[in-house]
Amino acid sequence: MNKIKITFPDGNQKEFEQGITGLKIAEGISKGLAKEALAVEVNGEVWDLNRPINQDASFKILKWSDDGGKDAYWHSSAHLMAEAVEVLFPGAKFGIGPAIENGFYYDLDLGDHSLTKEDLQKIEDKMNELASRDVPFVREEKKWEDAVEFFKKKGDQYKLELLDEFKGQTISLYHHGSFTDLCRGPHLPSTGKIKAIKILSVAGAYWRGNEKNKMMQRIYGITFPNKKELDEYLFRLEEAKRRDHRKLGAEMELFLLTPKVGSGLPLWLPKGTIIRESLIQFLKEEQYKRGYQGVVTPHIANLDLYKTSGHYPYYKDSQFPPIQLESGEAFLLKPMNCPHHHMIYSMKPRSYRDLPIRLAEYGTVYRYEQSGEMNGLTRVRGFTQDDAHIYCAHDQLKAEIKATIELTQLVFRTFGMDVKTRLSYRDDKNTEKYGGEAAFWDQAQREIKEVADDIKLDYFIGIGEASFYGPKVDFMVKDALNRTWQLGTVQVDYVMPERFQLEYIGQDGQKHRPVIIHRAPFGSLERFVGILIEHFAGEFPLWLAPTQAAVLPVSDVFLDYAREVFSALKESGIRVELDDRNEKVGYKIRDWETKKVPFMLVVGEKEKNGGLVSVRQHKKGDQGTVKVEEFRERILENIKARSLTI
RNA sequence: GCUGGUGUAGCUCAGUGGUAGAGCAGCGGUUUCGUAAACCGCAGGUCGUCGGUUCAAGUCCGACCACCAGCUCCA
């Protein structure tokens with residue numbers, strides 16, 4: 001028998017018989033490790049524990065704490081679920097069933113049957129039963145023709161369609177119990193490793209993600225090696241629901257969505273407006289320091305303007321239909337602010353001395369989102385962009401990109417938000433989606449990347465995520481339910497200057513084309529506030545809190561003093577409310593705690609005599625008494641600093 | 001847009017074909033109170049909308065609207 005050399009993660013090497021399995025190696029190290037092992041990484045590929053290793057290899061044992069281990073665990077769980085479905089619904093056809101970030105899903109075709117909650121419970125019960133039988137997952141390699149034969153016999157057209165792509169290759173199948181699936185692997189050694197099972201939901205999903213294809217039923221589930229972890233996960237899900245901005249927005253009276261106004265058209269209530277305006281004020285100050293100039297443009301514009309920009313044909317489907325006048329003129333509700341700003345740029349000859357010109361507007365735009373797409377404040381049909389366009393000479397471009405990325409980062413830092421940054425490139429295989437010359441694109445993508453590397457930006461690249469006129473830097477954040485939303489964006493545009501014939505006179509006396517940067521650090525104020533609500537769970541930092549403090553007299557007897565305190569704070573611009581209701585202080589405290597107001601100021605005999613307030617902080621309780629003046633100065637300072645903590 | 005689910009008072013929810021209910025919030029009164037819910041009373045509804053079945057519909061059927069989950073899309 002030949003020997004092979006195995007290299008462990010710590011660099012140690014050891015010889016084994018050829019054909020040894022990962023599990024055997026693990027057992028050789030320790031029993032405990034063998035028990036915890038879920039899969040192995042062999043030369044960078046994740047393999048089954050039982051798969052024989054036939055040549056020298058680097059080797060790592062994957063446990064639950066490794067991503068690769070979780071993948072194998074959840075992927076195997078998906079197979080277990082498929083087995084349960086096949087037992088309960090004979091003749092079920094299977095699509096794909098991968099592991100995902102949190103758990104797994106499997107796409108099914110059950111003919112006419114729609115799965116109910118009861119069905120999901122039955123599937124979960126059956127999975128528990130099948131898992132407890134602890135049967136092994138067995139890998140089998142077949143010739144392509146034999147695999148096709150197998151699934152033909154089974155009548156699984158989806159698997160046959162998948163097989164089409166692997167023509168001529170060796171195909172791996174996995175068996176466990178009565179179930180066999182087309183699968184690359186890897187899998188757990190046996191079903192018994194799967195201990196705690198929860199089927200979460202069922203939803204429709206198009207076969208292969210194409211809306212022209214049949215809609216299948218997708219079952220989502222998650223599993224864990226023990227019940228405690230499952231319970232913790234389910235608890236976190238509940239917590240996330242408590243943070244949901246739609247729920248908090250209604251409870252805290254921040255915004256209103258009503259079909260009487262229209263789907264996806266939020267109304268900002270007084271308290272939500274305070275948050276929105278605080279954000280605008282913050283960004284205005286930062287932009288003023290950076291040489292931006294404010295402009296204001298109307299909500300509709302001549303349709304021809306959008307034909308010039310090229311937006312009209314490209315995005316016809318996601319615009320509200322034009323407003324057609326009898327004269328033949330047509331107007332479009334503006335889907336974006338750029339063309340208006342280009343008009344302002346081109347109103348007179350521009351000199352290189354004027355550049356860069358930075359035009360900023362909180363511009364409300366309207367887009368016809370598909371009816372199933374609306375989602376609280378994060379996906380709406382009318383929203384306000386913190387938009388700006390920077391017109392600069394080419395030799396100024398990189399400095400301007402850098403400055404806009406840094407401004408965007410300052411914004412997210414101010415809120416303590418964890419963002420992921422994507423360089424969004426065009427897809428070279430699908431060029432009809434994009435405008436402009438290929439050379440411009442290559443140049444713009446190169447320039448963005450150079451700046452990103454210069455400032456050591458932590459980014460990933462998204463092919464096909466560019467806008468139609470240029471590549472972008474996108475800033476993405478996740479909401480309470482783990483859905484990713486794009487917030488800020490910085491985009492380089494060589495196309496619009498051409499389309500609008502934008503020019504400046506250079507030092508050489510000749511006409512030149514400027515380059516445009518489109519940028520919006522918040523992206524949309526609606527979406528940003530939605531994400532902020534969830535980010536802070538409604539407990540805003542003082543500078544954003546709609547109500548910063550409430551004055552609570554202990555009884556009517558101290559109303560006069562309470563009014564004094566209230567006025568002193570109100571006159572300093574602090575957002576304070578007076579609770580003059582005829583209620584006990586315990587009741588008032590409970591009420592203001594549920595409203596998530598940062599400070600409650602209890603006043604009674606003691607406070608009145610000493611010119612004091614008794615400070616109670618949200619969630620932290622009684623903080624003792626201070627002079628009214630001292631409290632006022634302290635919180636004014638905190639507000640001014642836009643501090644994240646109190 | 002597609003698939004599935006949901007829609008009863010401001011909010012959370014009960015109500016399985018026979019006279020629409022509870023708690024909280026609101027309003028009126030009593031109480032004058034010290035750090036998360038005092039007490040008594042009152043009011044509040046075209047049961048999402050429209051149509052159908054039935055002697056009778058919140059309840060059964062259909063269409064539409066909105067919301068929720070997911071898919072597709074996203075300048």
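All chains are named by letter (A, B, ...) in the order of the sequence lines, taking the proteins before the strands, and each is independently numbered beginning at 1.
Contact annotation: Asn210(A) side-chain N/O to C71(B) OP1/OP2 distance is not under 4.0 Å. Listed pair Arg483(A) / G70(B) meets the phosphate criterion, a side-chain N or O lying under 4.0 Å from OP1 or OP2. An OP1 or OP2 oxygen of C71(B) is reached within less than 4.0 angstrom by no side-chain nitrogen or oxygen of Arg208(A).
Met216(A) places its CE atom 14 Å from the C1' atom of G70(B), with the value rounded to the nearest Å. Atom NZ in Lys584(A) sits about 12 Å away from atom C1' in U35(B), given to the nearest Å. Between Leu256(A) atom CG and C11(B) atom C1' there is a gap of 14 Å when expressed in whole angstrom units. Distance Tyr469(A) OH to C74(B) C1': 13 Å, rounded to the nearest Å. Between the P atom of G4(B) and the OH atom of Tyr206(A) lies a distance of 11 Å, rounded to the nearest Å. Put simply, CZ on Arg527(A) is 10 Å from P on A75(B), counting in whole angstrom units. Separating the CG atom of Asp479(A) from the C1' atom of C68(B) is a distance of 14 Å, rounded to the nearest angstrom. Distance, Arg581(A) CZ to U32(B) C1': 16 Å, rounded to whole Å.
Using the Watson-Crick or G-U wobble rule with both distances under 3.5 Å, A22(B) pairs with U12(B). Searching all strands for a Watson-Crick or G-U wobble partner of A69(B) with both distances below 3.5 Å returns U3(B).
Contact check on Glu465(A) versus Lys472(A) returns no salt bridge, with no Lys/Arg side-chain nitrogen under 4.0 Å from an Asp/Glu carboxylate oxygen. Ion pairing between Glu400(A) and Arg358(A) holds under the 4.0 Å rule for side-chain N and carboxylate O. Note on Arg379(A) versus Glu373(A): salt bridge recorded, some NZ/NE/NH1/NH2 to OD/OE distance being below 4.0 Å.
Side-chain N/O atoms of Trp592(A) and Asp579(A) include a donor and acceptor closer than 3.5 Å. With hydrogens and angles left out, the side-chain atoms of His518(A) and Asp493(A) include a donor and acceptor closer than 3.5 Å.
Nearer to the 5' terminus of RNA chain B, by closest-nucleotide assignment, is the contact made by Ala203(A) (compared with the other of Ala203(A) and Met336(A)). For the pair Lys247(A) and Lys606(A), both in contact range of RNA chain B, the more 5′-proximal nearest nucleotide belongs to Lys247(A).
Side-chain atoms of Glu373(A) and base atoms of C71(B) include a donor and an acceptor less than 3.5 Å apart. Interface remark: the Glu251(A) side chain does not form any donor-acceptor pair with the G10(B) base, using a distance-only criterion of under 3.5 Å. Counting distance only, with no hydrogens placed and no angle test, the side-chain atoms of Arg379(A) and the base atoms of C74(B) include a donor-acceptor pair under 3.5 Å. Under 3.5 Å, the side chain of Ser318(A) and the base of A75(B) form at least one donor-acceptor pair of N or O atoms.
Among the atoms of the strands shown, base atoms are found under 4.0 Å from some heavy atom of Gly604(A). Across all strands, Glu607(A) comes closer than 4.0 Å to base atoms (heavy-atom distances). Note on Arg218(A): only backbone sugar-phosphate atoms sit closer than 4.0 angstrom, heavy atoms only; bases stay farther off. When heavy atoms are screened at a 4.0 angstrom cut-off, Arg381(A) is found touching no nucleic acid atom at all. Using a 4.0 Å heavy-atom cutoff across all strands shown, Tyr105(A) reaches no nucleic acid atom at all. Base contact: Gln319(A) has a heavy atom under 4.0 Å from a base atom.
Among the nucleotides G34(B), C74(B), G4(B), the one closest to the side chain of Val602(A) is G34(B). Listed nucleotides C68(B), A75(B), A37(B) differ in distance to Arg590(A); the shortest reach to its side chain belongs to A37(B). Nearest nucleotide to the side chain of Arg246(A), out of A36(B), C68(B), A37(B): C68(B).
If you take atom P in C47(B) and the same atom in G7(B), they sit 15 Å apart, rounded to whole Å. Between the P atoms of G23(B) and A43(B), the separation comes to 14 Å (whole Å).
A distance cut-off of 5.5 Å between ring centres, combined with a plane angle under 30°, leaves Phe468(A) outside any stacking arrangement with the base of A75(B).
Of the residues in residues 551-559 of chain A, those lying under 4.0 Å from RNA chain B by heavy-atom distance are Val554(A), Ser555(A), Asp556(A), Val557(A).
Taking the ring centre of Tyr368(A) as origin, the terminal cationic atom of Arg381(A) falls inside the region bounded by 6.0 Å and 45° from the ring axis.
Side-chain rings of His389(A) and Tyr345(A) stay apart, their centers remaining 6.0 Å or farther from each other.
A heavy-atom distance below 4.5 Å is not found between the side chains of Leu423(A) and Pro471(A).
Under the ring pair (Phe, Tyr, Trp, His ring centres under 6.0 Å) rule, Tyr434(A) has a single partner from Phe468(A), Tyr494(A), Trp441(A), which is Trp441(A).
A donor-acceptor pair is defined here as one N or O able to donate and one able to accept, closer than 3.5 Å; such a pair exists between the side chain of Glu607(A) and the backbone of Gly604(A).
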